[in-house]
Amino acid sequence: MLKLFNTLTGRQEVFEPIEPKKVRMYVCGVTVYDYCHIGHARSALVFDVLRRYLESCGYNVTFVKNFTDVDDKIIKRANEQRVSCDAITTKYIQAYHEDMGKLGIRVATEEPKATEHIADIIQLTERLVAKSLAYAVEGDVYFEVANYSEYGRLSKRRLEDLQAGARVDVDERKRHPMDFALWKSSKPGEPAWESPWGAGRPGWHIECSAMSMQHLGETFDIHGGGMDLIFPHHENEIAQSCGATGKEFARYWVHNGFVQVNQEKMSKSLGNFFTIREIFEKSEWSEEVMGEILRYFLLSTHYHGPLDFSDQALKEAKNALNGFYDLFGRLAEPGVGTMPNPSLTQAIERSRVGFTSAMDDDLNTPVAIAVLQGLRSDVNKMVDKGLSIEGRKEARQEFRLLGESLGLFQADTWQFGSAIAETLPINLDGTATVRLVLNESDIERMLIERREARNRKDFQRADEIRKSLAAQGVIIEDKPDGTSRWKR
RNA sequence: GGCGCCGUACCCAAGUGGUAAGGGAGCAGUCUGCAAAACUGCGAUGCAGCGGUUCGAACCCGCUCGGCGCCUCCA
């Protein structure tokens, strides 16, 4: 039974969907005017894992994640670069998919864009105006917080407290400093759509209300996003949606903590952020390996807490993951083991129970990973004792199965990169191509030579080969039968 | 000023009333021609500090110290 921490109630609650076996969830995506950093990756990953886990529990999940593709920052960026807004958003949406794809984050069921829902947004705004929850001033339309009695319910703030912190440059046309724009009149040269209030564009918060309703209905199960969206974005979404429909909006509100650098929030304004692509570009490991390292790292802390990003943390994640892939290597080898499998069956059963109860406990991925580490240790012992071929296959399959929710252990083997790679600064788009200097057949050839050397007890030559490969990042492990395996 | 979070071993990190999971790093041993991997063992009598409640507290309460977030665009 899955329990989730619900920001709305401030408690952990048992998750029960509106319709049995069906989950409808909406997650706030990104404003597409720049490349994503690890903070964005964490958020995307947390909800990807939630979705995967729900699916593994047998739910049919409709997962909607939006792109904000009309916004001040986009307009600014477009003007700076003298291109259209459309060019900017198209570019960064594509980049989003590339980056998140490398992290194994699956595309959502629906990925709507604000600009595709202008009619819905206008309609929703009209509903709010008709209910006296919004008012129009000179082509702008504002939500009137004073007329919505439950304003502050999500963020646990009172309107009076908010006034104290309100900005100085309050628009005089607003009836209350906290009133926020549903519709903005547009200046010349800005993207604009016709509306009952003249040419304009939507405010930020209204798009999510409109799109979630359109794709999931007026009431749905889970709404997620980063902690920083609680106020004002999600607070405003609730006001707009509940205000318009008079119904409950989302039932469970789930928010992930920040990625930090040196204990400080990673953010554009502080300039202490690392983009996802930058991390992949600087990585000394292959894309596939780096993606899994990042995933492991991001899931090694509970999603609700802060997470400090550092090279050392990545290195530790990589080392931890090495243990799993070393085991998978052993499991893949032909062997003559005959050990019966009852103890394996028991270990697997234990792990399933442990894994499920960890994930059920508000997606406690650190504990879930600890359970997998436990299974790794158990299986290693069994392999030492001579686990049968069938047992090895079963064990590998089990890691794949349990790892699926976390998106781990899906690769067959790890191919490490660039200790032995060279960078060729060529391409048209300015990026570089990394090419391996040593290919697999080179390595195999050297291993054969070394094996021959060892057979004639020429250990000096054997060690030379070992050293030479090691210098290029290839590590040799000798097996009892006289053959060797290698890894990077 | 208002609201809120965090402080667990060298590092990361679970645990939120019943006597400190897991990982990384390290050390020692077994195995190995050597090595790697694996296995075995070692590692916080204590959970920022000080008080209090309790038979019992890392977990509850109070105070203090240190770090951070939101209130403005932000995953």
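Quantities reported herein were computed from a predicted structural model and do not represent experimental measurements. Naming: A, B, ... by sequence-line order, numbering from 1 per chain.
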Give one of base, sugar-phosphate or nothing for [X], where a contact means two heavy atoms less than 4.0 Å apart.
| X | value |
| --- | --- |
| A/Phe258 | base |
| A/Arg450 | base |
| A/Asn256 | base |
| A/Met227 | nothing |
| A/Gly29 | sugar-phosphate |
| A/Ala313 | nothing |

Geometric cation-pi criterion, A/Lys268 with A/Tyr35: 6.0 Å, 45°: no
Can you name the residues that form a side chain to side chain contact (heavy atoms under 4.5 Å, CB included) with A/Asp228, not counting sequence neighbours? A/Phe258, A/Lys265
Taking the [atom1] atom of each, how far is [N] from [M], in whole Å?
| N | M | atom1 | value |
| --- | --- | --- | --- |
| B/A13 | B/A20 | C1' | 13 Å |
| B/G41 | B/A21 | P | 15 Å |
| B/G66 | B/A75 | C1' | 27 Å |
| B/G15 | B/C71 | C1' | 32 Å |
| B/G29 | B/G43 | C1' | 16 Å |
| B/U16 | B/A58 | P | 13 Å |

Side-chain N or O of [X] closer than 4.0 Å to phosphate OP1/OP2 of [N]:
| X | N | value |
| --- | --- | --- |
| A/Asn319 | B/G23 | no |
| A/Lys265 | B/C70 | yes |
| A/Lys381 | B/U40 | yes |
| A/Arg454 | B/C34 | no |

Evaluate the side chain to side chain contact (heavy atoms under 4.5 Å, CB included) criterion for residues A/Tyr303 and A/Asp362: first the C-alpha distance (whole Å), next the side-chain angles of each, then the deciding distance (0.1 Å), finally the verdict. CA-CA 9 Å; A/Tyr303 78 85; A/Asp362 196 25; 2.8 Å; yes
Only one of A/Asn66, A/Asp71, A/Val70 clears side-chain contact (heavy atoms from CB on, under 4.5 Å) with A/Thr31; which? A/Asp71
Atom pair CG/CD1 of A/Asn364 and A/Ile369 - distance to nearest 0.5 Å: 9.5 Å
For the side chain of [X] and the base of [N], is some donor closer than 3.5 Å to an acceptor across the two?
| X | N | value |
| --- | --- | --- |
| A/Arg42 | B/A75 | no |
| A/Asp463 | B/G33 | yes |
| A/Gln373 | B/G23 | no |
| A/Arg158 | B/C3 | no |

Note on RNA chain B: ranges paired as stems (three or more Watson-Crick/G-U pairs in a row, both atom distances under 3.5 Å) are B:1-7 with B:65-71, B:10-12 with B:22-24, B:26-30 with B:38-42, B:48-52 with B:60-64
Give me the distances for all protein-to-nucleotides 13-15 of chain B N/O pairs that come in under 3.5 Å?
{"from": "B/A14", "atom 1": "OP1", "to": "A/His302", "atom 2": "N", "distance (Å)": "2.9"}
{"from": "B/A14", "atom 1": "O3'", "to": "A/Asn364", "atom 2": "ND2", "distance (Å)": "3.2"}
{"from": "B/G15", "atom 1": "OP1", "to": "A/Asn364", "atom 2": "ND2", "distance (Å)": "3.1"}

Given B/C70, B/G24, B/A37, the nucleotide with the shortest approach to the side chain of A/Glu316: B/G24
Closest approach of A/Arg52 to A/Gly104 (non-hydrogen atoms, all atoms of both residues): NH2-O, 2.7 Å
From the options A/Lys73, A/Arg277, A/Arg77, A/Lys76, select the one residue that forms a salt bridge (charged side-chain N to carboxylate O under 4.0 Å, His left out) with A/Asp34. A/Arg77
